S.K.: 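One structure coming up, written as structure tokens, with questions to follow.
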Amino acid sequence: MITADGGSRMGKKVLYKSLVDESLKLAQSPPEKVLIFRRGLDPDMPTVAGRDVDWHEFAAPHAGAQVPCAWLESNEPSYILYTSGTTGKPKGVQRDVGGYCVALASSMELIYCGHAGETMFTTSDIGWVVGHSYIIYGPLIAGMTTIMYEGVPIRPDAGIWWKIVQDHKVTVMFSAPTAIRVLKKQDPAYLSKYDLGSLRHLFLAGEPLDEPTHVWIAGALKKPVIDHYWQTETGWPILSAVPGVEQTRNKFGSPSFPVYGYDLQLLRESDASEAGPDEKAVVAIVPPLPPGVMSTVWGDDERFVKTYFTTFASKMVYATFDWGIRDRDGYYFILGRTDDVINVAGHRLGTREIEEAVSMHANIAECAVVGVADALKGQMPLAFAVAKDTSTLASPEGRKQLEKEVMETVDRQLGAIARPKAVHFVTLLPKTRSGKTLRRAIQALAEGRDAGDLTTIEDPAALEQLTSALAGK
Ligand code: AMP
């Protein structure tokens with residue numbers, strides 16, 4: 001395991017080592033060695049003799065070493081990246097070497113228009129697929145310099161990213177809509193303060209790009225802002241404009257067209273037939289999948305086939321689990337997930353995983369987590385929980401305390417990104433007679449929408465409780 005003593009966020013230190021130590025105690029196959037890069041953030045960091053190795057001591061004898069290329073068969077795995085789905089157990093997306101390199105190299109040239117000797121700035125971090133593909137491998141394969149940025153876009157001030165573009169003559173920039181929504185709230189003067197002459201395009205992905213945000217950033221930058229759509233599974237864009245091949249008009253709210261290599265179809269959920277223009281359907285990829293797309297679920301080929309290729313009984317196609325439409329001009333629009341995955345500030349989270357994390361608290365008997373619309377982050381998790389010992393809930397302070405503890409439990413299990421916006425305590429969750437939680441109804445009520453057909457509900461009292469909880473009663 002390779003880690004650092006800590007990182008920093010909004011000027012606050014986040015210490016990693018104690019988290020690593022705790023997780024290694026729980027691991028079934030802990031690594032033999034832990035290599036630690038000390039940034040001086042945790043002077044009192046405890047170490048485990050014989051296991052923990054200091055980066056500087058380890059690396060010093062190898063400084064300047066030339067490491068020869070290792071030649072691999074193109075289907076050899078390159079990495080595994082875990083991502084969420086409908087179950088509480090994340091899937092290990094396995095990628096190959098050859099196909100991935102080909103896909104990234106071509107996308108650097110044809111989609112991102114980045115050239116050797118230039119600089120790319122992708123504002124993600126390397127733990128997510130965007131970081132793997134376009135902080136590390138993509139720009140380096142293209143012979144570009146890559147910038148890794150730790151922190152938020154508004155510290156020390158909201159001009160920091162544009163200063164980076166100016167100082168490092170960035171030609172390609174890649175970010176997420178949430179970050180742009182954060183910047184939109186700041187003084188627009190920051191955008192005209194720096195010379196952005198080097199920048200060709202700004203690419204945005206990871207979540208829907210709403211029209212006001214798109215209009216604002218394109219107007220402020222006076223550069224093309226390209227919305228493009230992809231997934232951890234694909235490793236590179238599925239839908240995008242391809243400015244290295246031809247200039248196409250942007251339509252707000254649309255990531256444009258299927259990228260070369262993808263045979264995309266919009267299939268009716270009922271019978272897998274192809275949907276007509278402007279008709280909502282499931283976005284599917286007809287195999288063979290393009291180079292670079294996952295080759296299997298790590299250690300579980302059967303799960304790969306079952307998860308991704310069995311949505312339609314009559315057609316073996318890869319399901320993206322996204323709803324989409326295509327308009328009469330051929331532009332695609334993504335309308336949200338078909339499954340229980342939610343998207344928080346461009347981060348993908350399974351509601352089942354958050355439910356499992358909430359349930360780790362000793363006083364939680366049962367819970368339901370749904371994603372609710374959020375103006376800044378796109379969506380946020382909201383939890384409804386049934387406590388085992390309800391005496392703690394008798395006072396408002398007791399409720400607050402339990403809510404805080406549940407949130408801390410989620411932080412520990414999944415990280416602060418998954419922390420619910422609120423935890424509402426109820427004694428009953430809305431379920432069908434067969435015991436399935438009515439998540440869509442809960443989500444609709446939490447967003448103030450009509451809950452739809454509720455005839456299958458076992459006990460209507462659960463709905464009353466939910467409504468009262470949401471109203472803060
Ligand atoms: P991840 O695997 O974390 O990259 O999440 C992939 C999911 O994010 C997709 O299945 C979509 O639901 C959503 N997504 C990614 N890019 C876009 C986009 N440009 N527009 C709308 N949704 C997007």
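For ligands, and for the atoms within them, numbers begin at 1 and follow the listed sequence. Just so you know, these numbers come straight off a predicted model, no measurement behind them.
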S.K.: Under 6.0 Å from the ring centre and within 45 degrees of the ring axis: does the NZ or CZ of R337 meet both conditions for the six-membered ring of F321?
M.R.: no

S.K.: Show the protein residues that qualify under the rule heavy atom under 4.0 Å from an atom of ligand 1, listing them in chain and number order.
M.R.: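 Lining ligand 1 at under 4.0 Å, by heavy atoms, one finds G206, E207, P208, D227, H228, Y229, W230, Q231, T232, D322, I334, R337, N343, R348.
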
S.K.: Between E150 and R9, is the closest basic N to carboxylate O distance under 4.0 Å?
M.R.: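 No, R9 and E150 are not salt-bridged.
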
S.K.: Using the side chain to side chain contact (heavy atoms under 4.5 Å, CB included) criterion, which residues pair with I160? Sequence neighbours excluded.
M.R.: Y149, P156, I164

S.K.: Pairs of donor and acceptor atoms involving the side chains of residues 255-262, under 3.5 Å and at least two apart or interchain, shall be tabulated with distances.
M.R.:
{"from": "Y260", "atom 1": "OH", "to": "S106", "atom 2": "O", "distance (Å)": "3.4"}
{"from": "Y260", "atom 1": "OH", "to": "S106", "atom 2": "OG", "distance (Å)": "2.8"}
{"from": "Y262", "atom 1": "OH", "to": "W236", "atom 2": "O", "distance (Å)": "3.3"}
{"from": "Y262", "atom 1": "OH", "to": "W236", "atom 2": "NE1", "distance (Å)": "3.4"}
{"from": "Y262", "atom 1": "OH", "to": "P237", "atom 2": "O", "distance (Å)": "3.4"}

S.K.: Test of understanding: with side-chain hydrogen bond (donor to acceptor under 3.5 Å, both in side chains), list the residues that count as partners of E233, not counting sequence neighbours.
M.R.: Y308, R348

S.K.: So does K251 have more than 12 non-hydrogen atoms from other groups sitting under 6.0 Å from NZ?
M.R.: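 Result for NZ/K251: enclosed.
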
